[in-house]
Protein chains: 2
Amino acid sequence: MMSDDASALSTAQRLRQEIENDIAAGLLIPGERLDEVSLANRFQVSRTPIREALQQLAMAGMVEIRPRRGAVVASLTPERLYEMFEVMAELEAMCCRLAARRLGPSDALALERAHRSCEAVRHDHDAYYRANEVFHQAIYAASGNTFLAEQARLLQRRLQPYRRLQLRVRNRVQNSFSEHERILAALMAGEGEEAAGIMRPHVQVQGERFSDLIASLKLLGAA
Amino acid sequence: MMSDDASALSTAQRLRQEIENDIAAGLLIPGERLDEVSLANRFQVSRTPIREALQQLAMAGMVEIRPRRGAVVASLTPERLYEMFEVMAELEAMCCRLAARRLGPSDALALERAHRSCEAVRHDHDAYYRANEVFHQAIYAASGNTFLAEQARLLQRRLQPYRRLQLRVRNRVQNSFSEHERILAALMAGEGEEAAGIMRPHVQVQGERFSDLIASLKLLGAA
DNA sequence: GAACACTTCCTTGTATACAAGAATGATGAG
DNA sequence: CTCATCATTCTTGTATACAAGGAAGTGTTC
């Protein structure tokens, strides 16, 4: 009556989220087989809603369904990964440009808080990884374009298993944090192009960072 | 043996494409109810694969599934539509920037051919609409980033029902064509930023064009 | 005459049964 | 000993039956 609950989820959607989380968290490795019966047993449902969830994940690009041959966690080639990071960098740069123009007081506050959270945990890789995610999401939201924010969030999630390993590289956290600082300053100053210009290489993997990524890819494959 | 057929589609995927086509073509109006039994009868299958197709379409943002209350063709608010066009413009601008750098001979040929097709049919709105689509897709492909191309294609498809009506506006075809010409020239000259700068407003709807779009939205609702 | 409640019907959600296509292992030939 | 072919088994794909939650229509009451 007061607020019609838009968070009402069908079973298939809940199942999708659960499986998606496992993929993002690295519990399900790229290339791993997703057996319908096992999943059904695990979640105590029949195969029907499991299949519906898998179809959703296939559209999201997180699993690959080979007809009559089952579903596997989608595995990305180095080329494709590079392409996705290229797009991610541009989406986030766009968020910066828009955010600088449209930044409201509450957005600014959220950004600063997220940034301080990053600072607080910058010696703990895993914690920094999570705080970093929140900081970037704050920028998406600040863009004022909810569709853009959703798309960025989606792609971020899709790249999560790969990004995760990447931060372990030496000094990456320190560099990441100081880049955040510059981005934040530019946004507050309303310098959208400036912020976008820092964001792009901050996100994109190229040169030696790309090599590092490929290395972690191989680690993933070996697991 | 020679080429493993990646085009092998499951039934659910075929059904999704069919329904998606109907939505894009405007046969299914935003807000319209998608009855599982009717669809099942129409395609001569049971409800199971229909439901799988609907779940896919929900992930693609083309239908909305309200739990226990059925699926409807997704209807976009003017705000959301504006947001989506804003992102579309940026994606296409990005394609331009990349294409100018990476343009190969076959890409250039495809672009010129698509452009000449547009010219040939520029007095027929519907034919121009289709040729226009091909021209833009040629640019996506020329970006050399297949992921970007796919995303652009996806969003283009999602906006199709709205874009379609939009071209009917007076002089829009003529303006569109001359913008194409300038984009093409910039791309061939390797001027990525130049091409991107023309592409952005070419795609984005703003000012009076946005009003036109809202007007067609209302037409759509009345049908 | 209008509003509310109750009942009925219709649609969606889920499980299960069955069909049919891969994968696997065994058996035989080279 | 290796490779190919065939049978068996396992998994996916689809239909259908049943359950359960909305929607709509009817009747009653104020």
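Per chain, numbering begins at 1; letters A, B, ... match sequence-line order. Please read all numbers here as calculations on a predicted model, not as lab measurements.
If you check residues 47-65 of chain B against DNA chain C, the residues with a heavy atom closer than 4.0 Å are B/Arg47, B/Arg51, listed by number. In the region residues 36-46 of chain A, proximity to DNA chain C at under 4.0 angstrom, judged on heavy atoms, holds for A/Val45, A/Ser46.
Checked by atom type and distance alone, the side chain of A/Asn145 pairs as donor or acceptor with a backbone atom of B/Glu83 at under 3.5 Å.
The side chain to side chain donor-acceptor pair (under 3.5 Å) check on B/Ser75 picks up nothing, with sequence neighbours excluded. The side chain to side chain contact (heavy atoms under 4.5 Å, CB included) check on A/Glu79 picks up A/Thr77, with sequence neighbours excluded. Residues that satisfy the side chain to side chain contact (heavy atoms under 4.5 Å, CB included) test with A/Asn21, not counting sequence neighbours, are A/Arg157. In this structure B/Glu112 satisfies the side chain to side chain contact (heavy atoms under 4.5 Å, CB included) test together with B/Arg116, B/Leu184, B/Met188, sequence neighbours excluded. Taking the salt bridge (charged side-chain N to carboxylate O under 4.0 Å, His left out) definition, one finds that A/Arg113 meets it with nothing, sequence neighbours left out. Residues forming a salt bridge (charged side-chain N to carboxylate O under 4.0 Å, His left out) with B/Glu150 (at least two apart in sequence, or on another chain): A/Arg80.
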Between protein and nucleic acid, restricted to nucleotides 5-8 of chain C and to nitrogen or oxygen atoms under 3.5 Å apart, what atom pairs and distances do you find?
none

Restricting both atoms to N or O, compile the protein contacts to nucleotides 21-24 of chain C shorter than 3.5 Å, with distance only.
unit_1	atom_1	unit_2	atom_2	d
C/dA23	OP1	A/Arg69	NE	2.5
C/dA23	OP1	A/Arg69	NH2	2.6

Side-chain donor-acceptor pairs of residues 87-111 of chain A under 3.5 Å, sequence neighbours excluded:
unit_1	atom_1	unit_2	atom_2	d
A/Glu90	OE1	A/Arg200	NH1	2.7
A/Glu90	OE1	B/Arg97	NH1	3.4
A/Glu90	OE2	A/Arg200	NH1	2.7
A/Glu90	OE2	B/Arg97	NH2	3.3
A/Glu92	OE1	A/His136	ND1	2.6
A/Glu92	OE2	A/Tyr140	OH	2.7
A/Arg97	NH1	B/Glu90	OE1	3.4
A/Arg97	NH2	B/Glu90	OE2	3.3
A/Arg102	NH1	A/Ser143	O	3.1
A/Arg102	NH2	B/Glu86	OE1	3.4
A/Arg102	NH2	B/Glu86	OE2	2.7
A/Asp107	OD2	A/Gly104	N	3.3

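A donor-acceptor contact closer than 3.5 angstrom is absent between the side chains of A/Gln56 and A/Glu20. Between the side chains of B/Gln55 and A/Gln55, not a single donor N or O lies within less than 3.5 Å of an accepting N or O. B/Gln156 and B/Arg153 form a side-chain donor-acceptor contact under 3.5 Å, judged by distance and modelled atom types alone.
Paired with A/Val63 under the rule side chain to side chain contact (heavy atoms under 4.5 Å, CB included), one option of A/Val72, A/Ile23, A/Leu28 passes, and it is A/Ile23.
Heavy-atom minimum distance, A/Phe147 versus B/Leu155: CZ-CD1, 3.7 Å.
In summary, contact between chain B and DNA chain D, defined as any nucleotide atom under 4.0 Å from a heavy atom of the protein, begins and ends at D/dT14 to D/dA23 in the 5' to 3' direction.
From A/Met62, atom CE reaches atom CD of A/Gln160 across 8.0 Å, with rounding to the nearest 0.5 Å.
Aromatic ring pairs are classed by plane angle as parallel below 30°, tilted from 30° to 60° and perpendicular above 60°; the pair A/His180 and A/Tyr128 is parallel.
Nucleic acid contact class of A/Ser10 (heavy atoms, under 4.0 Å, all strands): none.
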